[in-house]
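No experiment lies behind these values; they were computed from the predicted model shown. The first residue of the sequence shown is numbered 1, and numbering continues consecutively from there.
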Amino acid sequence: MESQQQKDAAAVRVFPPAIPLLTILTGVGLSRLWPIDPGFEFPTPERYWVGGMIVAGAFFGLGLWSVVLFRRTGQSEIPWKPTPQIVERGPFRFTRNPMYLQLVLVCVGVAVILMNFWILILTPVCAWLLQRLAILPEEAYLERKFGDAYLAYKGRVRRWL
């Protein structure tokens with residue numbers, strides 16, 4: 001029974017939120033070792049508001065909404081659990097990966113809050129790692145499981161934006 005369930009899931013072998021967390025921590029560490037002076041200052045209260053709005057918008061508009069939609073269809077947001085159906089409502093109408101996009105945008109928001117250019121520099125690496133280690137295995141699984149229905153969805157909706 002266990003091996004049957006393992007086959008009906010994406011071969012994601014990482015905990016996806018760990019990737020942006022490591023991105024942020026690495027950016028903070030690099031900033032302490034080799035600070036980058038951008039030559040301008042983004043005032044403190046404004047950068048907190050802008051960065052906070054990016055984080056909150058990503059969390060509520062992409063992450064939480066996606067989790068609610070998943071749970072309403074009886075599935076888990078955990079990528080290595082079975083997917084019973086393709087969700088095409090809400091943020092899934094304009095991105096196939098709203099929860100991963102949320103994680104990338106949180107990196108951007110935290111970079112703004114901390115005025116940390118290392119985090120901004122590392123954010124594309126975060127996105128690449130998420131794509132390589134989580135998104136591509138999920139896509140392969142969904143293509144095997146749903147075939148033409150998933151391929152049609154892929155043709156209508158972009159991976160990121």
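Between V157 and R96, the shortest heavy-atom contact is O-NH1, 2.6 Å. Between G74 and P84 the shortest heavy-atom distance is O-CG, 4.1 Å. In this structure, P98 and L62 approach most closely via the heavy-atom pair O-CB, 3.5 Å. Scanning both residues, P16 and A134, for their nearest heavy atoms gives CG-CB, 4.3 Å. Looking at every heavy atom in both residues, R132 comes nearest to P137 through O-CD, 3.6 Å.
The list of ring pair (Phe, Tyr, Trp, His ring centres under 6.0 Å) pairs with a residue in residues 81-112, not counting sequence neighbours, reads F70-F92. Listed by first and then second residue, the salt bridge (charged side-chain N to carboxylate O under 4.0 Å, His left out) pairs involving residues 11-20 amount to none (not counting sequence neighbours). Every pair tested for side-chain hydrogen bond (donor to acceptor under 3.5 Å, both in side chains) that includes a residue from residues 115-127 fails, sequence neighbours excluded, so the list is empty.
Under the 4.5 Å side-chain heavy-atom criterion for Ile, Leu, Val, Met, Phe, Trp and Tyr, V12 and I19 are members of the same hydrophobic cluster. A single hydrophobic cluster is seen to contain both W128 and L161, as judged by linkage of ILVMFWY side chains at heavy-atom distances under 4.5 Å, directly or through other members. Both F15 and L133 are assigned to one and the same hydrophobic cluster, defined by single-linkage of ILVMFWY side chains at heavy-atom distances under 4.5 Å. In terms of hydrophobic clustering, with Ile, Leu, Val, Met, Phe, Trp and Tyr side chains grouped at heavy-atom distances under 4.5 Å, M99 and I135 are assigned to different clusters. In this structure, L136 is not a member of the same hydrophobic cluster as L130, with clusters built from ILVMFWY side-chain heavy atoms closer than 4.5 Å.
R156 pairs by the salt bridge (Lys or Arg N to Asp or Glu O under 4.0 Å) definition with E88, not counting sequence neighbours. Remark: I78 engages S76, W80, K81 in a side chain to side chain contact (heavy atoms under 4.5 Å, CB included) (not counting sequence neighbours). For W160, the side chain to side chain donor-acceptor pair (under 3.5 Å) criterion is met by Q131, not counting sequence neighbours. Every salt bridge (Lys or Arg N to Asp or Glu O under 4.0 Å) that R159 has, sequence neighbours left out, goes to E139. For R71, the side chain to side chain contact (heavy atoms under 4.5 Å, CB included) test picks out V67, E77, with sequence neighbours left out. The side chain to side chain contact (heavy atoms under 4.5 Å, CB included) search around R144 returns A140, Y141, not counting sequence neighbours. Residues passing the side chain to side chain contact (heavy atoms under 4.5 Å, CB included) test with V125, sequence neighbours excluded: L129.
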Side-chain atoms of residues 101-113: list all donor-acceptor pairs with protein atoms under 3.5 Å, sequence neighbours left out, distances to 0.1 Å.
none

Donor-acceptor contacts, no H, no angles, side chain residues 31-46, under 3.5 Å, sequence neighbours left out:
from	atom 1	to	atom 2	distance (Å)
D37	OD1	G39	N	3.1
E41	OE2	R47	NH1	3.2

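Using a 4.5 Å heavy-atom cutoff, the side chains of F146 and T83 are in contact. Proximity of L122 to L30: side-chain heavy atoms (C-beta onward) are separated by under 4.5 Å at one or more points. The shortest side-chain heavy-atom distance between L69 and T73 does not fall under the 4.5 Å cut-off.
A side-chain donor-acceptor contact under 3.5 Å links Q75 to the backbone of Q85.
Note that CG of N97 and CD of E138 are 6.5 Å apart. Values are rounded to the nearest 0.5 Å. Note that the SG atom of C126 and the CG atom of L120 stand 12.0 Å from one another [nearest 0.5 Å].
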